Amino acid sequence: MATQRTGHGQPFLLFVIFFLTFISRRCFVEVKSHPLPENHAALFIFGDSFLDAGNNNYINTTTLDQANFWPYGQTHFGFPTGRFSDGRLVSDFIAEFAKLPLIPPFLQPGFSEYHNGVNFASAGAGALSETFHGSVIELKAQIKYFREVVEMEIKRKWGKAKGGLILSKAVYLFSIGTNDYMSLFLTNSSLLKSHSKSQYVELVIGNLTASIKQVYESGGRKFGFMNLPAMGCSPGLRVVDGGCLEELSAYANIHNQRLVRVLEELEKLLKGFKYSLYDFSSRLRQRMERPLKYGLKEGKKACCGTGSYGGVFSCGGRRGVKEFELCRNPDEYVFWDSYHLTENLHKQLAHEMWTASSPDSCNPRYSIENLFLI
């Protein structure tokens, strides 16, 4: 009886197997080719602590380059995410304005939705491999990760044509270079003695330019840049003698002037290359010098830290100095800790970047919003 039942049921069993296989394949194809909205544009992020959404949580580094402890993240998230702020960053607000979800860090376990973009930024990173080497994800490595995502995730999942369209429509946001210059003064760097300011700037700009070209070769066409702020006037450097470290600011000024020229050259050289350049330097300085004009109360002192200007980098008590003070309302401050900005500042700057409302923008031809729309 059992043999007869098996024999008579075999065609039906084969049919069931075939049907289930067909359905599973059909479902797989439908998921793979699920259409994106016509105007969909992803956001890919490269840089340092101004944009790091938590990549440094997952690397072997020190607490100097990590912010995964209280009170970081207290304002918006209610817990530390690895962002060097009390809440969200410029890149988070840009994503929100573009109607994208929060763009997670590349190293976050379980992440797979690359068609919306990904964040490669690493606190402490520079354009030069020598900058805080071994403790951060340098720009060269960030670009390597990006190219892996392009080949292994985007093009493999969406195909060459659709993947190429995703990459060409995406916006690529960069904030890098500050650590290359700060490292000259925070470490015993031999480069400070062996290079003039202009020579050293050329090294940094050269590496940045090479990275931009690699993104372009992978399909990127629309780029957003923030120039370098005058970090010589941050609380962490004011604490030294009460004033700005003007030599550091001089490096940033040379860098910013050179960046303008390089982007103009790339626009002529690379077909379809479009960019927005936000004058982070002057807009931050204006808020430091005239905080009341921007709805703030304190432009020079950090909300979280200790010592003069809150300039001792002790926020959270895990960086050698355990004692620190915490202000009641970070929204009233420019600086969250000794070197980084409050969520309120990030939101203000992101809004200006998005709308190009800054009258002294380095390059008013495109706002970040324009880049997402074109």
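Please read these numbers as outputs of a predicted model, since none were measured by experiment.
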Interatomic distance, [X] atom [atom1] to [Y] atom [atom2] [nearest 0.5 angstrom]:
X    : Y    : atom1 : atom2 : answer
E246 : C233 : CD    : SG    : 5.5 Å
F174 : M226 : CZ    : CE    : 13.5 Å
L107 : I137 : CG    : CD1   : 4.5 Å
D92  : L43  : CG    : CG    : 9.5 Å
N57  : T81  : CG    : OG1   : 7.5 Å
I166 : W158 : CD1   : CH2   : 5.5 Å

Taking atom types as modelled, find out whether [X] and [Y] have a side-chain donor-acceptor pair closer than 3.5 angstrom.
X    : Y    : result
Q66  : R318 : no
T61  : N56  : no
E138 : S129 : yes
Y278 : E352 : yes
S49  : D52  : no

Run the numbers on D279 and S282 for side-chain hydrogen bond (donor to acceptor under 3.5 Å, both in side chains), then give the verdict.
CA-CA 6 Å; D279 194 357; S282 68; 2.8 Å; yes
Check D180, I176, L128 against L208 for a side-chain contact (heavy atoms from CB on, under 4.5 Å) and give me the one that passes.
I176
Given I212, which of Y172, F225, Y275 fulfils the side-chain contact (heavy atoms from CB on, under 4.5 Å) condition?
F225
Derivation and outcome, disulfide bond (SG atoms under 2.5 Å apart), residues C315 and C304
CA-CA 5 Å; C315 186; C304 185; 2.0 Å; yes
Nearest heavy atoms of [X] and [Y], plus distance in Å:
X    : Y    : value
A95  : P101 : CB-O, 3.7 Å
S183 : F132 : CB-CZ, 3.8 Å
F324 : S314 : CB-OG, 3.5 Å
I59  : S135 : CD1-O, 3.5 Å
Y216 : K271 : OH-O, 2.5 Å

Under the salt bridge (charged side-chain N to carboxylate O under 4.0 Å, His left out) rule, what do E148 and K144 come out as? Steps first, then yes or no, please.
CA-CA 6 Å; E148 289 176 2; K144 177 177 178 290; 2.8 Å; yes
Are more than 12 heavy atoms from other residues, nucleotides or ligands located less than 6.0 Å from atom CZ of R290?
no
Has D241 got more than 12 heavy atoms of other residues, nucleotides or ligands less than 6.0 Å from its CG?
yes
If you define the side chain from C-beta out and look only at heavy atoms, does anything of [X] sit under 4.5 Å from [Y]?
X    : Y    : result
E267 : L263 : no
N116 : H40  : yes
C244 : L237 : no
R258 : E202 : yes
S218 : F146 : yes
Y181 : V201 : yes
R88  : K347 : no
K274 : Y366 : yes

May I ask whether L341 and F77 are part of the same hydrophobic cluster, defined by side-chain heavy atoms of I, L, V, M, F, W, Y residues being less than 4.5 angstrom apart, directly or through others?
no
Do I45 and F120 sit in the same hydrophobic cluster, where Ile, Leu, Val, Met, Phe, Trp and Tyr count as joined when their side-chain heavy atoms come under 4.5 Å apart?
yes
Inspect the contact between [Y] and [X] and indicate whether a charged nitrogen and a carboxylate oxygen are less than 4.0 angstrom apart.
X    : Y    : result
E298 : R328 : no
R83  : E343 : no
E151 : R156 : no

Which class fits the ring pair F84 and H340: parallel under 30°, tilted 30 to 60°, perpendicular over 60°?
tilted
Can you tell me how the ring of Y114 sits relative to the ring of F111, calling it parallel under 30°, perpendicular over 60° and tilted otherwise?
perpendicular
Is K197 positioned over the aromatic face of Y251, cation under 6.0 angstrom from the ring centre and no more than 45 degrees off axis?
yes
Is it the case that the ring center of W354 lies less than 6.0 angstrom away from the ring center of F372?
yes
